[in-house]
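Worksheet for the structure shown next.
What you are looking at is a predicted structure, and each value in this text was computed from that prediction instead of being measured.
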Amino acid sequence: MSETSPGPETSPRAEISLERETVEEYARWFQALSDPTRILIVRFLSGRPEPVPAGVIVAHLKLNQSTVSHHLKILHNVRFLTRRRSGANILYAVNSRCIGEIPGAAEILLGSPVRPDRGAGAD
């Protein structure tokens with residue numbers, strides 16, 4: 001009588017079921033961060049206490065305005081950035097929701113245990 005091989009071992013971590021909508025949102029987030037310029041923009045803005053005009057971001061990155069605008073639009077579309085008009089300027093800031101949700105998303109995708117203050121559906 002031959003022995004059957006055991007099934008995959010169960011991880012001590014709780015398995016987290018992800019809805020398709022959540023998986024698609026995570027994919028958009030990480031795709032938006034797949035460009036070095038967008039990472040630089042998020043990093044630059046994350047260190048600012050107040051929203052920053054697009055022109056300041058352009059000057060900081062030493063890139064042309066159309067390139068920066070393209071990247072700002074992508075980051076805004078995935079809700080990494082907030083924007084508001086102030087006179088002739090559009091001001092950008094890191095969306096505070098991202099600060100809590102991005103690390104939780106990475107932990108879930110990498111199989112780390114979810115801490116009570118992070119994870120899918122955490123506010």
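L91 contributes atom CG, which lies 5.0 Å from atom CZ of R84 (distance to the nearest 0.5 angstrom). Residue S66 holds its OG atom at 9.5 Å from NE2 of H71, rounded to the nearest 0.5 Å. Rounding to the nearest 0.5 Å gives a distance of 9.0 Å between CD1 of I90 and CG of L72. The distance from atom CG of L40 to atom CG of L63, rounded to the nearest 0.5 Å, is 8.5 Å. Atoms CG and CD1, on L33 and I74 in that order, are 11.0 Å from each other to the nearest 0.5 Å. Taking OG1 of T67 as the reference point, atom NE2 of H70 lies at 8.0 Å (rounded to 0.5 Å).
The backbone N or O of T82 sits nowhere less than 3.5 Å from a side-chain atom of N95 that would complete a donor-acceptor pair. The backbone N or O of A32 sits less than 3.5 Å from a side-chain atom of R38, completing a donor-acceptor pair. Side-chain atoms of S69 come within 3.5 Å of backbone N or O of Q65 as a donor-acceptor pair.
In summary, the side chains of S86 and N89 do not present any donor paired with an acceptor at a separation below 3.5 Å, with no hydrogens or angles considered.
In terms of heavy-atom proximity, S34 sits nearest to P36 at O-CD, 3.9 Å.
Using a 30° and 60° split on the angle between ring planes, W29 and F80 fall in the tilted class, from 30° to 60°.
Between L61 and F44, every side-chain heavy-atom pair lies at or beyond the 4.5 Å cut-off.
When V52, L45, I41, L75 are each tested for a side chain to side chain contact (heavy atoms under 4.5 Å, CB included) with V94, only one passes: L45.
Between E21 and R28, no side-chain nitrogen of the basic residue sits less than 4.0 Å from a carboxylate oxygen of the acidic one, so the salt-bridge criterion is not met.
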* Dump the intermediate steps for salt bridge (Lys or Arg N to Asp or Glu O under 4.0 Å) on E25 and R97, then the final yes or no. => CA-CA 14 Å; E25 182 174 35; R97 178 178 160 240; 3.6 Å; yes

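Counting non-hydrogen atoms of other residues, nucleotides and ligands closer than 6.0 Å to CD of E24 gives a total above 12.
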